[in-house]
Q: 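Before anything else, here's the structure in question.
Numbering of ligands and ligand atoms starts at 1, following listing order.
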Amino acid sequence: MQPIFQIRIQYIKQVHEIKENYFVKKLVIPLWNMRAVIHYAVIVIVLFSEAITEDVLNNRRFPDDFLFGVATASYQVEGAWNEDGKGESIWDRVCHTVPSPITNNDTGDIACDSYHKYKEDVALLADLGVDFYRFSIAWTRILPTGFNNNINQAGLNYYKNLTKELRANGIEPVVTMYHWDLPQSLQDLGGWQNELIVDSYVDYARILFSELGDSVKYWLTFNEAKQVCDGGYGVAQKAPLIESPGIGEYLCAHNLLKAHAGAWRLYDEEFRKDQEGKVGIAIDTSWYEPFSYNSTADIEAAETKQQFSYGWYANPIVHGDYPWVMQAKIAVRSEQEGFGKSRLPEFTQEEIKYIKGTYDFLGLNTYSTSLINATDDPDPSKGWAQDAEVIEWQPDEWEGSSSSWLKVVPWGMRKILRWLKETYNNPRILITENGYSDNGTLADDKRISYYQRYMSSLRDAMELDGVDVMGYCAWSMMDNFEWLAGYSEKFGLYHVDFNSPNRERTPKKSAIWYKRVVETKCVVDDCVDAKL
Ligand SMILES: *[C@@H]1O[C@H](CO)[C@@H](O)[C@H](O)[C@H]1NC(C)=O
Ligand SMILES: *[C@@H]1O[C@H](CO)[C@@H](O)[C@H](O)[C@H]1NC(C)=O
Ligand SMILES: *[C@@H]1O[C@H](CO)[C@@H](O)[C@H](O)[C@H]1NC(C)=O
Ligand SMILES: *[C@@H]1O[C@H](CO)[C@@H](O)[C@H](O)[C@H]1NC(C)=O
Ligand SMILES: *[C@@H]1O[C@H](CO)[C@@H](O)[C@H](O)[C@H]1NC(C)=O
């Protein structure tokens, strides 16, 4: 324990210095809270003190009430982009831009044609045997103008039909209310950068709860807010492809968090009593592993990165405000850049109270791990990634996939889950996405291997670390439109023939494997019942 104790002392000393220099003397951010520092230091000790290696697959059954599912998202699978009164979304706009920013000029105009083939899809889900199906609702099908002055009944009917079909087959719908396809009309007003959107989103949420809440019991307000905001308004990697790093992504996040809280409170106050459902949010993150456990600086840098990543959204929702390390770093950099105040917007005390506690469970989308090095020479350019002042990288020799960012690091699953448990008071967690990309081959043994090792690591986290995980959702049910990568990266358990007008679905080897996992609640051939 000796070296770890030293790390803590040194760390608290550094934190005091930051506080002395910037918080008290210069910027006087009133939110300083010693408990947060100690909490942070404790996390550093608990979570980074032990290396995990997983050479052995976990052979214990998942609990009886553990839920297995698969996921898709509206723009990635539905097609029918301009049918039955649907309005234009920001992804329609991006895909129809000439020259196209999408690989091979691909679009989601038809995608998997799930809008017309939902009954066939549900039949496949029934055959897989999954407990739940996570899909998203296209805001533009329900409210073509973005506003609630014009409700499109045909769009609502599609989702009513889909949920009815799922229920008829004993499959629980898990509904993402926003999976990136913002109405273009709202983007024309600034999108997530305009606070107006908070009310628009809550109006939209009200329609979903009142129209679909009888059959939908699990809601996710947002999918991967980090991609929405940093991708959409920071680094231009997602629609609406706005490049405004260091400002745009923080504005977006500020509004998105208020919209999330507004929807959760609406449900809590007006719908929960009758509908008895649960509302959460799907936040994405990798696990960030310190390059060296011998380096205090690397350990702290990795924690900082994790706070900038998952903590950006989860910390306000669980604890009431942005992680203090984000507040401190961005305030200091903003001052150095000559800004009169921090580029990170501040919540009022009322807003902090309003946002805090607005979750029934936390969703985790996770695929990979990165190493984190501390640096004495941080990149001075503005932007969310730079503001963390760390170096993130993945060794070339790590096992890869068809996506450059997706390296196969199964032990990262256990570590991120343990971190969530410690950081957010042992929340109920749903793994809302996890999966592997390849070239679409039917003989997808590498996907099976990925799922098997990641799910084994997840089982370890539940069993050995006591993490409260309620379910696991594979991304994705079928090959689909992978954003800027078009159809070049395939994540499906089912193959889809995009050259055929019928978009035939064919189960891959992994679908057959996953079906067995769902049936046996076990990731190996021979399982024993859990002792816990
Ligand atoms: C994409 O469209 C552009 C025209 O905008 C065309 O020049 C180019 O060849 C197309 N690329 C592919 C891969 O089809
Ligand atoms: C929903 O189901 C009804 C009744 O079967 C059908 O008339 C309608 O076309 C369906 N709508 C959509 C959008 O699937
Ligand atoms: C950390 O220290 C241990 C023990 O001194 C040593 O064996 C190990 O190689 C070091 N690791 C790194 C990454 O420096
Ligand atoms: C991280 O630090 C290690 C040890 O100093 C070094 O070998 C490695 O190249 C660094 N990684 C990057 C991306 O700078
Ligand atoms: C796709 O990947 C599989 C398995 O890695 C490989 O055997 C196959 O040749 C690849 N197909 C193409 C078209 O690259």
Q: List the steps and the verdict of salt bridge (charged side-chain N to carboxylate O under 4.0 Å, His left out) for Arg453 and Glu399.
A: CA-CA 13 Å; Arg453 288 178 288 158; Glu399 181 183 339; 3.2 Å; yes
Q: Could you list the atoms of ligand 2 found under 4.0 angstrom from a heavy atom of Tyr115?
A: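 Matching atoms, with element in brackets: 13 (C).
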Q: Considering non-hydrogen atoms of the protein only, which is the closest contact for atom 14 (O) of ligand 2, and what is the distance?
A: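 Answer for atom 14 (O) of ligand 2: Asn161 ND2, 3.2 Å.
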Q: Give the numbers and elements of all ligand 4 atoms closer than 4.0 Å to a heavy atom of Ile391.
A: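 Counting atoms of ligand 4 from 1, those under 4.0 Å from Ile391 are 13 (C).
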Q: So, His96 and Asp109: side-chain donor and acceptor under 3.5 Å apart, yes or no?
A: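 Yes, side-chain donor-acceptor contact under 3.5 Å.
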Q: Ignoring angles and geometry beyond distance, decide whether Asn439 reaches within less than 3.5 Å of ligand 5 through its nitrogen or oxygen atoms.
A: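 The answer is yes, given that Asn439 and ligand 5 share an N or O pair closer than 3.5 Å.
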Q: With heavy-atom distances below 4.0 Å as the criterion, list the atoms of ligand 2 near Tyr118.
A: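 Ligand 2 atoms under the 4.0 Å threshold to Tyr118: 14 (O).
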Q: Test of understanding: with side chain to side chain contact (heavy atoms under 4.5 Å, CB included), list the residues that count as partners of Asn152, not counting sequence neighbours.
A: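 Pro144, Ala154.
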Q: So which protein heavy atom does atom 5 (O) of ligand 5 come closest to, and at what separation?
A: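 For atom 5 (O) of ligand 5, the nearest protein heavy atom comes out as Lys446 NZ, 4.3 Å.
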Q: Out of the candidates Arg333, Lys382, Lys329, Lys305, only one should pair with Asp387 under the salt bridge (charged side-chain N to carboxylate O under 4.0 Å, His left out) rule; please name it.
A: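 The option that passes is Arg333.
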Q: Can the positive tip of Arg206 be found less than 6.0 Å from the middle of the six-membered ring of Tyr201, inside 45° of the ring normal?
A: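 Judged by the rule (NZ or CZ under 6.0 Å from the ring centre, within 45° of its axis), Arg206 is not positioned above Tyr201.
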Q: What residue and atom, counting heavy atoms only, is the protein's closest point to atom 13 (C) of ligand 4, and at what distance?
A: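 Scanning the protein heavy atoms, the shortest distance from atom 13 (C) of ligand 4 goes to Trp393 CG, 3.5 Å.
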Q: Is there at least one protein heavy-atom neighbour under 4.0 Å from atom 9 (O) of ligand 5?
A: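 Under the 4.0 Å cut-off, atom 9 (O) of ligand 5 has no protein heavy-atom neighbours at all.
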Q: Do we see a donor-acceptor contact under 3.5 Å between the side chains of Gln227 and Trp483?
A: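 There is no such pair between these side chains.
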Q: Should one rank Thr375, Leu371, Asn373 by closest heavy-atom distance to atom 1 (C) of ligand 4, which comes out on top?
A: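 It is Asn373 whose heavy atom sits nearest to atom 1 (C) of ligand 4.
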Q: Tell me, with the steps shown, if Ser403 and Glu489 meet side-chain hydrogen bond (donor to acceptor under 3.5 Å, both in side chains).
A: CA-CA 7 Å; Ser403 310; Glu489 296 173 14; 2.7 Å; yes
Q: At what distance is the nearest protein heavy atom to atom 4 (C) of ligand 4, and which residue and atom is it?
A: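 Looking at atom 4 (C) of ligand 4, the protein heavy atom closest to it is Phe291 CE2, 3.3 Å.
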